[in-house]
Amino acid sequence: MCGIVGYIGEKKAKPILINGLLKLEYRGYDSAGISTIEGSSISNIKTKGRVSALENIPEIQQLFGNVGIAHTRWATHGKPSTLNSHPHLDNSKVFAVVHNGIIENYTELREFLSQNGYHFLSETDTEVIPNLIHYYFTKNNCSFLQAVHKACSKLKGSFAIEVISTLFPNTMIVVRKDSPLVIGKGNNETFISSDIPAILSFTKNFYLLNDLEFVEITKNEISFYDINLNPINKELKTMEWDATAAEKDGFEDYMLKEIHEQPRAIRETIGSHLTNINSCDFEDITLSKDDLTNISQIYLVACGTAMHAGLVAKNLFEKCCHIPTCVDIASEFRYRDPIINNKTLAIFISQSGETADTIAALKLAKANGAKTIAISNVIGSSITREADFCLYTHAGPEIAVASTKAYTSQIVLLSMLAICFAERLASCDKVFLQELRSEILSLPEKVEIILKENIEQIKNLSKEIYQEKDMFYLGRGTDYNVAMEGSLKLKEISYIHSEAYAAGELKHGTIALIENGITVVSILTDENLMEKTISNIQEVITRGAKTVVVTNLELPNKKYDIIINIPKTSPLISPILSVIPLQLIAYYVSKEKGLDVDKPRNLAKSVTVE
Ligand code: G6P
């Protein structure tokens with residue numbers, strides 16, 4: 001979704017802003033723009049299309065200023081066009097604003113401003129912001145900061161904004177509400193961004209903003225204010241992420257690099273939580289045996305791939321802790337009036353920690369008395385600051401829109417958490433838990449084996465299937481859960497229609513779609529369900545399907561077109577292994593089709609609006 005960068009310091013702002021925009025491309029966008037202070041005016045250059053199109057506009061060579069703001073836009077209000085792109089200026093071209101989020105009352109504000117003599121050039125909700133700032137600045141005869149503060153008090157919805165002004169050429173004001181924004185501190189220079197990786201090559205020192213905290217930034221000073229404009233102190237945090245972790249590092253695409261990073265991501269996520277097979281340690285989650293005994297319902301709430309990780313974790317919480325566990329799509333959870341009380345534990349899973357629906361669902365659960373845990377990959381992200389407890393996956397920055405290493409890391413972390421709760425509750429057989437811990441510890445090596453042994457086979461398979469129009473994924477139990485993730489990966493980056501089906505459900509409708517030559521990918525990792533799933537695969541073979549089977553079992557006969565063998569593990573965590581071939585199928589099919597793997601059409605990495 002939209003991305004923001006800002007710079008204020010001694011250097012030329014433009015190259016730093018363009019560098020930041022290029023790093024934000026992965027979030028998904030349709031237009032880009034930049035404004036810098038040039039003497040006594042603001043230069044504003046923007047265009048529909050890619051950052052490269054912005055760089056090709058000749059006027060951009062004339063930007064020399066050292067204060068500037070820039071933006072990649074993902075259209076919500078108004079089509080992608082140069083006029084609708086950010087930055088937006090007020091009518092008198094004194095204030096320039098970039099904005100992420102949605103101003104819900106913009107129609108009302110437009111009307112108010114129109115009645116006061118303002119006019120609008122774009123169809124966006126954003127354009128009300130610079131005009132509103134101008135209105136209060138002139139009406140109240142106040143400071144720059146006070147004008148931005150007053151304007152923000154009238155905005156409903158979500159916003160992260162940067163404002164610059166010709167009247168205050170050495171100052172920038174920024175503020176956020178329900179939309180991410182971080183301040184990176186350099187030596188006499190400040191970098192602002194919606195996303196840490198965009199400015200990670202310039203600094204590792206960050207201030208993380210809470211909702212409605214205002215920041216006034218000059219070349220050598222950063223001042224923070226609360227919602228009432230009282231000065232506040234903020235703690236400077238150092239990010240452990242390495243800037244090169246956000247580079248491609250010799251891989252053709254971020255997605256391929258991130259698939260290959262999974263052994264390390266899993267190892268680092270296991271970290272100190274599981275150092276030997278005797279116990280899982282989560283000392284920061286201070287829920288005692290009594291607290292856990294009191295819990296009657298666990299909700300796992302998330303969107304997209306993170307929700308699929310929740311589906312796998314549901315089985316673990318139910319099997320290990322014997323607590324009924326529900327998986328909810330965040331955008332459904334918040335509107336379905338779920339039963340929440342002080343016996344509820346709600347766990348929110350989000351790679352970015354900034355998904356608008358997940359944040360809203362978390363606020364709802366908290367307001368209704370649930371105990372809340374946030375699981376995120378980004379230190380200090382919104383959900384981690386909102387929840388009672390927070391846990392981190394250590395997957396490193398995930399840049400490709402299609403999530404891979406975040407998914408496997410999330411399942412690993414949730415598995416260890418379920419085991420830890422089972423230990424505290426003494427709810428489960430000790431040997432069973434010990435075997436599960438041992439299986440988790442051996443996962444990184446097993447992922448390495450798949451990445452070493454299966455790639456050529458999957459590349460060849462992709463050459464055979466890349467022109468398919470429809471595909472199906474089948475499985476039972478956790479194999480069905482991973483089928484859903486495999487199907488989502490294929491849709492996201494290869495644009496092939498695909499559906500995941502619980503194998504036993506096939507006969508109740510979907511089998512009508514199976515015809516000669518159609519590809520059906522089945523996942524088979526649970527010995528107890530093997531026979532049943534095999535008879536479902538037989539049903540599609542009989543109807544002419546081409547069958548691909550991902551398995552770690554000794555199959556009784558080899559009547560399948562392609563068998564992808566993976567290492568054995570407990571069926572409870574087998575999706576961490578069986579998803580790897582599915583990620584690779586999606587990747588190589590997309591490559592065969594010549595598509596942009598990392599930036600699939602219409603998708604955004606972080607969905608920060610509802
Ligand atoms: C978007 C991304 C997905 C991601 C989902 C949830 O749809 O394209 O890859 O799974 O958002 O994101 P989150 O950051 O909350 O895990």
Side-chain angles (χ1 to χ4, degrees), residues 1-3 24-29 74 100 158 178-180 194-197 253-255 258-259 265 269 300-313 327-334 346-363 373-387 390-393 395-411 413-414 481-482 484-495 575 579 582-583 586-587 590 596-610:
M1 299 233 135
C2 305
L24 286 173
E25 281 193 304
Y26 77 96
R27 292 171 66 101
Y29 72 107
W74 192 84
N100 282 4
S158 58
D178 295 332
S179 198
S194 48
D195 225 26
I196 291 170
D253 302 280
Y254 282 111
M255 182 179 177
E258 288 160 8
I259 290 173
T269 298
L300 296 164
V301 187
C303 300
T305 289
M307 188 275 290
H308 289 165
L311 292 172
V312 180
V327 180
D328 264 83
I329 296 168
S331 55
E332 292 293 319
F333 181 79
R334 51 187 296 208
I347 303 177
F348 297 84
I349 316 158
S350 171
Q351 187 282 128
S352 63
E354 303 293 351
T355 300
D357 282 313
T358 311
I359 298 170
L362 165 52
K363 288 182 177 163
I373 301 178
I375 292 191
S376 175
N377 195 38
V378 180
I379 294 184
S381 59
S382 296
I383 66 162
T384 65
R385 280 177 288 148
E386 197 74 40
C390 92
L391 291 173
Y392 289 104
T393 47
E398 192 181 64
I399 308 290
V401 166
S403 179
T404 52
K405 60 179 179 170
Y407 171 79
T408 42
S409 305
Q410 284 158 353
I411 301 175
L413 190 63
L414 286 157
N481 300 149
V482 79
M484 291 169 80
E485 176 58 11
S487 166
L488 177 66
K489 287 290 87 94
L490 188 78
K491 277 187 271 230
E492 281 181 309
I493 57 168
S494 76
Y495 315 148
V579 77
L582 306 184
Q583 294 168 344
Y587 174 80
S590 176
D596 186 344
V597 176
D598 288 335
K599 297 191 284 285
R601 68 183 179 206
N602 305 339
L603 296 180
K605 179 70 182 158
S606 185
V607 180
T608 49
V609 295
E610 287 174 36

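All ligand and atom numbering here is 1-based and tracks the order in the structure. Every value quoted in this text rests on a predicted model; they were computed, and no experiment measured them. The residues of the chain are indexed from 1 along the displayed sequence.
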Could you check if a side-chain atom of V482 sits within less than 4.5 angstrom of a side-chain atom of Y407, using non-hydrogen atoms only? yes
May I ask you to list the atoms of ligand 1 that are less than 4.0 angstrom from any heavy atom of S403? 9 (O)
Q351-S376 side chain donor-acceptor pair, cut-off 3.5 Å: no
Suppose we measure from atom 8 (O) of ligand 1 to each protein heavy atom; which comes out shortest, and what is that distance? A604 O, 2.9 Å
Rounded distance (nearest 0.5 Å) linking atom CZ of R334 with atom CD1 of I329: 13.5 Å
Checking side-chain polar atoms at under 3.5 Å, does K489 have a donor or acceptor matched by the opposite partner on T404? no
Is the closest side-chain donor-acceptor distance between Y587 and Q583 under 3.5 Å? no
Step-by-step side-chain hydrogen bond (donor to acceptor under 3.5 Å, both in side chains) determination, E354 to S382: CA-CA 6 Å; E354 303 293 351; S382 296; 2.6 Å; yes
Among non-hydrogen protein atoms, atom 11 (O) of ligand 1 lies closest to K605 O, 3.8 Å
Quick test: of every protein heavy atom, which one is nearest to atom 16 (O) of ligand 1, and how far off is it to 0.1 Å? Q351 N, 2.7 Å
Any nitrogen or oxygen of Q410 lying under 3.5 Å from a nitrogen or oxygen in ligand 1? Just yes or no. no
Nearest neighbour in protein (non-hydrogen) for atom 12 (O) of ligand 1: T355 OG1, 3.4 Å
Starting from atom 5 (C) of ligand 1, which protein heavy atom do you reach first, and at what distance in Å? C303 O, 4.0 Å
Taking the minimum heavy-atom distance to atom 7 (O) of ligand 1, which of T393, V607, T358 ranks first? V607
Test salt bridge (charged side-chain N to carboxylate O under 4.0 Å, His left out) applied to D178 - qualifying residues, sequence neighbours left out: K363
At what distance is the nearest protein heavy atom to atom 14 (O) of ligand 1, and which residue and atom is it? S352 OG, 2.6 Å
Applying side chain to side chain donor-acceptor pair (under 3.5 Å), can you list everything that pairs with T393, at least two apart in sequence or on another chain? N377
Show me which atoms of ligand 1 lie under 4.0 Å from any heavy atom of A306. 10 (O), 16 (O)
Can you list the ligand 1 atoms lying under 4.0 Å from a non-hydrogen atom of T305? 10 (O)
Go through ligand 1 atom by atom and flag the ones less than 4.0 Å from a non-hydrogen atom of V401. 8 (O), 9 (O)
